[in-house]
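Since we're looking at a predicted model, the values are computed, not measured. Values below: every heavy atom of this structure, side chains too, minus hydrogens, waters and symmetry copies.
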Amino acid sequence: MYLVAVIDWIFSRYILSWKLSNTMNSNFCIDALIEALRFGKPDIFNADQGAQFTCNTFTGKLGKTKTKILVSNKDGQGRALDIFIEKLWRSLKYEE
(Lines give C-alpha, C1' and ligand atoms only; values in the text may rest on other atoms or scores of the structure.)
Protein backbone atom coordinates (compact mmCIF):
# COMPACT_ATOMS: atom_id res chain seq x y z
CA MET A 1 0.00 0.00 0.00
CA TYR A 2 1.08 3.55 -0.70
CA LEU A 3 0.29 6.48 1.57
CA VAL A 4 0.57 10.17 0.74
CA ALA A 5 0.03 12.99 3.22
CA VAL A 6 0.01 16.75 2.80
CA ILE A 7 1.15 18.65 5.89
CA ASP A 8 0.95 22.37 6.62
CA TRP A 9 4.41 22.69 8.11
CA ILE A 10 4.43 26.51 8.24
CA PHE A 11 1.44 27.34 10.43
CA SER A 12 -0.42 24.45 12.02
CA ARG A 13 1.70 21.35 11.26
CA TYR A 14 -1.60 19.54 10.75
CA ILE A 15 -2.16 16.89 8.12
CA LEU A 16 -4.40 18.67 5.62
CA SER A 17 -5.18 15.55 3.61
CA TRP A 18 -4.06 11.98 3.09
CA LYS A 19 -4.85 9.19 0.68
CA LEU A 20 -4.06 5.50 0.51
CA SER A 21 -3.68 3.49 -2.70
CA ASN A 22 -2.73 -0.01 -3.74
CA THR A 23 -1.05 1.31 -6.90
CA MET A 24 1.75 3.81 -7.39
CA ASN A 25 -0.06 5.96 -9.94
CA SER A 26 -0.43 9.69 -9.48
CA ASN A 27 -4.22 9.80 -9.07
CA PHE A 28 -4.30 9.34 -5.30
CA CYS A 29 -1.58 11.98 -4.87
CA ILE A 30 -3.50 14.42 -7.04
CA ASP A 31 -6.68 13.74 -5.05
CA ALA A 32 -4.80 14.46 -1.79
CA LEU A 33 -3.40 17.66 -3.28
CA ILE A 34 -6.82 18.87 -4.43
CA GLU A 35 -8.27 18.17 -1.00
CA ALA A 36 -5.40 20.00 0.73
CA LEU A 37 -5.73 23.03 -1.54
CA ARG A 38 -9.24 23.59 -0.17
CA PHE A 39 -7.53 24.87 3.00
CA GLY A 40 -5.50 27.48 1.13
CA LYS A 41 -2.87 28.02 -1.51
CA PRO A 42 0.73 27.54 -0.33
CA ASP A 43 3.67 29.61 -1.50
CA ILE A 44 5.87 26.49 -1.63
CA PHE A 45 5.01 22.80 -1.93
CA ASN A 46 7.75 20.40 -0.82
CA ALA A 47 7.72 16.93 -2.42
CA ASP A 48 10.14 14.15 -3.26
CA GLN A 49 11.31 13.16 -6.73
CA GLY A 50 8.70 10.46 -7.25
CA ALA A 51 7.00 10.33 -10.63
CA GLN A 52 3.63 10.88 -8.97
CA PHE A 53 4.82 14.32 -7.75
CA THR A 54 6.66 15.35 -10.91
CA CYS A 55 4.00 14.40 -13.45
CA ASN A 56 2.42 17.19 -15.49
CA THR A 57 -1.00 16.80 -13.88
CA PHE A 58 0.35 17.21 -10.32
CA THR A 59 2.71 20.07 -11.13
CA GLY A 60 0.03 21.68 -13.29
CA LYS A 61 -2.39 21.82 -10.35
CA LEU A 62 0.26 23.61 -8.30
CA GLY A 63 1.20 25.84 -11.22
CA LYS A 64 -2.37 27.09 -11.49
CA THR A 65 -2.10 28.33 -7.89
CA LYS A 66 1.32 29.91 -8.61
CA THR A 67 2.88 27.62 -6.01
CA LYS A 68 6.62 26.99 -6.23
CA ILE A 69 7.59 23.32 -6.10
CA LEU A 70 10.56 22.36 -3.94
CA VAL A 71 11.81 18.85 -4.71
CA SER A 72 13.81 16.96 -2.07
CA ASN A 73 17.01 15.19 -3.05
CA LYS A 74 17.36 11.42 -2.96
CA ASP A 75 20.96 11.61 -1.77
CA GLY A 76 20.15 10.31 1.68
CA GLN A 77 20.70 13.67 3.30
CA GLY A 78 17.82 14.94 5.38
CA ARG A 79 16.66 18.49 4.98
CA ALA A 80 15.17 20.68 7.68
CA LEU A 81 11.97 21.02 5.64
CA ASP A 82 11.44 17.25 5.59
CA ILE A 83 11.38 16.77 9.36
CA PHE A 84 7.61 16.94 9.90
CA ILE A 85 6.68 14.37 7.25
CA GLU A 86 9.57 12.13 8.32
CA LYS A 87 8.28 12.24 11.92
CA LEU A 88 4.86 11.19 10.65
CA TRP A 89 6.31 8.26 8.69
CA ARG A 90 8.40 7.19 11.70
CA SER A 91 5.34 7.30 13.97
CA LEU A 92 3.29 5.26 11.55
CA LYS A 93 6.06 2.71 11.13
CA TYR A 94 6.84 2.17 14.81
CA GLU A 95 3.59 3.01 16.59
CA GLU A 96 1.01 1.66 14.20
Side-chain angles (χ1 to χ4, degrees):
M1 298 301 289
Y2 301 96
L3 173 66
V4 65
V6 179
I7 295 178
D8 173 8
W9 57 264
I10 294 289
F11 297 107
S12 67
R13 298 189 183 152
Y14 288 153
I15 296 172
L16 301 176
S17 67
W18 63 272
K19 298 292 179 191
L20 191 63
S21 177
N22 61 352
T23 64
M24 184 55 108
N25 66 32
S26 61
N27 293 336
F28 77 108
C29 297
I30 294 165
D31 291 344
L33 175 63
I34 291 167
E35 188 173 305
L37 289 174
R38 293 186 307 171
F39 294 98
K41 309 298 186 265
D43 293 328
I44 299 171
F45 190 92
N46 185 35
D48 68 21
Q49 295 178 354
Q52 65 275 27
F53 303 115
T54 58
C55 71
N56 290 335
T57 307
F58 192 90
T59 57
K61 295 275 184 207
L62 288 170
K64 287 180 183 177
T65 65
K66 297 186 172 48
T67 299
K68 294 178 186 170
I69 303 167
L70 182 62
V71 178
S72 298
N73 295 337
K74 287 193 174 186
D75 62 2
Q77 296 293 326
R79 295 177 356 144
L81 302 178
D82 297 339
I83 192 166
F84 302 116
I85 197 72
E86 293 303 329
K87 283 184 175 183
L88 171 65
W89 300 149
R90 184 182 65 209
S91 296
L92 284 171
K93 182 176 179 179
Y94 292 107
E95 295 175 16
E96 303 299 330

Q: Kindly compute the distance separating CG (Asn22) from OH (Tyr2), expressed to the nearest 0.5 Å.
A: 9.0 Å

**Q.** Nearest-0.5 Å distance that lies between atom CG in Leu62 and atom NZ in Lys41
**A.** 10.5 Å

Q. Any chain of hydrophobic side-chain contacts (each under 4.5 Å) joining Trp9 to Phe11?
A. yes

Q: Give, for atom OG of Ser21 and atom CE of Met1, the distance between the pair rounded to the nearest 0.5 Å.
A: 6.5 Å

Q. Looking only at heavy atoms, which two atoms of Thr54 and Gln49 are closest? And how far apart?
A. CG2-O, 4.0 Å

Q | Check against side-chain contact (heavy atoms from CB on, under 4.5 Å), Val71 and Asp48 | A | CA-CA 5 Å; Val71 178; Asp48 68 21; 5.9 Å; no

Q: Identify the two heavy atoms, one from Lys61 and one from Leu33, that lie closest to each other, and give their separation to 0.1 Å.
A: CB-CD2, 3.7 Å

Q | Distance, nearest 0.5 Å, that separates CG of Asn27 from OG1 of Thr57 | A | 8.0 Å

(Q) Can you tell me how far apart CD1 (Ile7) and CD1 (Ile15) are? Round to the nearest 0.5 Å. (A) 5.0 Å

Q. Does atom NZ of Lys68 have more than 12 heavy-atom neighbours, drawn from other residues, nucleotides or ligands, at distances under 6.0 Å?
A. no

Q: Search all heavy atoms of Leu16 against all heavy atoms of Glu35 and return the closest pair with its distance.
A: O-OE2, 4.2 Å

Q. Any side-chain heavy atom of Leu3 within less than 4.5 Å of one from Trp18?
A. yes

Q | Counterpart residues, ring pair (Phe, Tyr, Trp, His ring centres under 6.0 Å), relative to Phe58 (two or more places apart) | A | Phe45, Phe53

Q.
Quick check for you: to the nearest 0.5 Å, what is the distance between Gln52 atom CD and Phe28 atom CZ?
A. 6.0 Å

Q) Any idea which heavy atoms bring Val4 and Ala32 closest together, and the distance? A) CG1-CB, 3.8 Å

Q) Quick check: does any side chain N or O of Thr67 sit under 3.5 Å from a backbone N or O of Ile44, one acting as donor and the other as acceptor? A) no

